[in-house]
2 protein chains.
Amino acid sequence: MSSPTIGVQVIRRAFAVLRALAGGPLGVSDVATAAHIPKSTAARVLAALAAEGAVEQVPGERRYRLGPDLLSIASGLGETWDIVAIARPTLVDLAAELGEAAGVSIRDGWTVQYVDQVEPPNPNPVQVRDWTGTRIPLHAVSSGQVFLAQLPAPVLSRYLAEPLEAFTPATLTDATALLERLRQVRRDGHAWVRDEYSIGLSSVAASIVDARAEVVAAIHVHGPSYRFPNPGDEDRIAGAVRAAAARIGARLRAGG
Amino acid sequence: MSSPTIGVQVIRRAFAVLRALAGGPLGVSDVATAAHIPKSTAARVLAALAAEGAVEQVPGERRYRLGPDLLSIASGLGETWDIVAIARPTLVDLAAELGEAAGVSIRDGWTVQYVDQVEPPNPNPVQVRDWTGTRIPLHAVSSGQVFLAQLPAPVLSRYLAEPLEAFTPATLTDATALLERLRQVRRDGHAWVRDEYSIGLSSVAASIVDARAEVVAAIHVHGPSYRFPNPGDEDRIAGAVRAAAARIGARLRAGG
DNA sequence: CGGCATCGTTCCACGATGCGGAACCCACCG
DNA sequence: CGGTGGGTTCCGCATCGTGGAACGATGCCG
């Protein structure tokens, strides 16, 4: 291998297989193709994963899909798990109300990690792809700015010390401009971002606060800039997002 | 190896590690002990899992915990995922209302698979352990009986063809007795089970029906038999469980 | 303040373990 | 009945993981 390739390779492959299956049930050959591994190896890995309950054959067919045992592991995620589970119904409502996709994210170091997303009912054919599982630098997206806005000043300045990557011409790469934006975010309780991460994509986000008054997650709604937000509709939309975030926070604080 | 030990062993170990971490953050040595693998191997596996985002170091500390990327995989579970996510808030309410633990399960072959469980607030010190991730034969538990009650006759008789394992003296191991019970379940819309799986443990379950009118999951509430159900309280409790199941079903049918 | 108990990391030679190409089998289809 | 494509099995090779042990960092306690 030209690159050192750190780590245990079977594990790499196993997860490649799991991620491939996350898209829906697949047969052995498809898995092999999707995960870039030889067919026989794919079969062996699938068998091993099946023995662990991480995947299972869909009854009748011979394709594989993710197995329910993953949930028993995922439920060990603790607070993160609670957040996703609790947020889901509210996201469904929010997506329905605004007609665009809604999602939750958490902060992971200097990036946002999107952990769940729900599409509106009767989604418009023009829709934003599902970002679940993606990590994006904090300054480039609305959820990230929400996280940044509540960081203690010294921590924040450590983030600003490094150069801010540009994704589009609109990305805020200047520390001063970003600080000004964060001031707005703190004032409004939400962050509006247009075309800063991807051209033609707009989003609003608001933060979720747990019992210890800490920001543990953020929710957002996003859609194509040409129709979202409709001019003059920004406040209504932002209000809905803030309200949803508040509701989720309340549930989180109430129910364990 | 005395036993053939089928499967890829690194994968076995990787999942042993993940399951160990499902209980909460652990250091390398603890993981090694819990998963019964040498320390250096544990470190290597953890590093590999970390590279996949399946685990992460808790910031500041050096212990590891499950990583958010698991969610991006779990969200590929499709309907099962939706069920858990949607059921959670209702389970929280239900557990609070009845003061005992509530859970969701799905059917997996001839077993029930518990996929989530929530404890009541201020739980009594005497509580039932968390069954999440466990599989139990259908006839022995309330959720299982709910699933059995709606199986087509021919499928059901295939299950009854094999001997029914006894877990306690109260387990229904006689096909006729079980059929009679299932009749009750169909009539009532719920299943009450006392001491049939474990002595001193009682539970009620009701089924969750999706848009295609299929039973896709069941919820239950269970507690120690000495206090649950309180005499004369069976109907109220069962009613609450049925209502919760109906609510979850409705949400499931509405929101994607 | 210094020594001891832990915990994590690194190293390396050994060999078990997983690898994967190819042959085989089966189910489905034309 | 011959062909195609997916799944499973086989088996010799060497890769990849293994784990004991030594090292280094931490932090607790005396």
Side-chain angles (χ1 to χ4, degrees), chain A residues 1-67 76 108-109, chain B residues 1-67 76 108-109:
Chain A
M1 281 273 158
S2 54
S3 58
T5 315
I6 196 83
V8 181
Q9 282 53 25
V10 201
I11 291 182
R12 235 183 189 42
R13 281 152 169 214
F15 276 86
V17 167
L18 289 177
R19 277 185 244 276
L21 289 178
L26 292 178
V28 172
S29 300
D30 297 322
V31 168
T33 312
H36 305 289
I37 55 183
K39 205 177 20 160
S40 59
T41 303
R44 194 154 10 91
V45 171
L46 280 169
L49 289 173
E52 296 297 326
V55 305
E56 64 183 4
Q57 312 236 74
V58 5
E61 307 185 37
R62 56 190 38 198
R63 294 183 305 167
Y64 286 85
R65 66 173 172 208
L66 297 178
D108 192 23
Chain B
M1 284 273 157
S2 53
S3 57
T5 314
I6 197 83
V8 181
Q9 284 54 24
V10 200
I11 292 183
R12 236 187 191 36
R13 283 154 168 215
F15 276 86
V17 167
L18 288 177
R19 276 186 245 276
L21 289 178
L26 293 177
V28 172
S29 300
D30 297 322
V31 168
T33 311
H36 304 289
I37 55 182
K39 204 177 21 160
S40 60
T41 303
R44 194 153 11 90
V45 170
L46 280 169
L49 289 173
E52 295 299 325
V55 305
E56 63 182 8
Q57 312 236 82
V58 5
E61 308 187 36
R62 56 191 35 196
R63 293 182 306 166
Y64 286 85
R65 66 174 172 207
L66 298 178
D108 191 22

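Chain naming here is simple, since letters A, B, ... match the order of the sequence lines and numbering starts at 1 in each.
Results of the side-chain contact (heavy atoms from CB on, under 4.5 Å) test with Tyr64(A) over Val31(A), Val58(A), Val55(A), Val17(A) single out Val55(A) as the only residue that passes.
Within residues 18-29 of chain B, no residue is approached by DNA chain D to less than 4.0 Å at the level of any non-hydrogen atom.
Computed from coordinates, the Arg63(B) CZ to dT26(D) P distance equals 18 Å when rounded to whole Å. Atom pair Arg12(B):CZ and dT17(C):P shows a separation of 12 Å (rounding to whole Å applied).
Contact detail for Gly27(A) and Arg63(A): the closest heavy-atom pair is N-CG, 3.8 Å. When all heavy atoms are compared, the tightest approach of Arg12(A) to Ala51(B) is NH1-CB, 4.4 Å. Taking both residues in full, the closest heavy atoms of Val10(B) and Val10(A) are given as CG2-CG2, 3.8 Å, listed atom of the first, atom of the second, then distance. Here the closest heavy-atom approach between residue Asp108(A) and residue Glu56(B) is recorded as OD1-OE1, 3.2 Å.
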- Query: Going through the distances and angles, do Leu26(B) and Thr33(B) end up as a side chain to side chain contact (heavy atoms under 4.5 Å, CB included)?
  - Reply: CA-CA 10 Å; Leu26(B) 293 177; Thr33(B) 311; over 6 Å; no
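Here the CD-CD1 distance, from Glu52(A) to Ile11(B), works out to 8.0 Å after rounding to the nearest 0.5 Å. Residue Leu46(B) holds its CG atom at 6.5 Å from CG of Leu21(B), rounded to the nearest 0.5 Å.
A residue-by-residue look at Gln57(B) and Ile11(B) shows that Gln57(B) has its nearest nucleotide of DNA chain C further toward the 5' end.
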- Message: At under 4.0 Å between heavy atoms, how does the protein contact nucleotides 19-29 of chain C? Give one character per nucleotide, 5' to 3', with B, S or -.
- Response: BBB--------
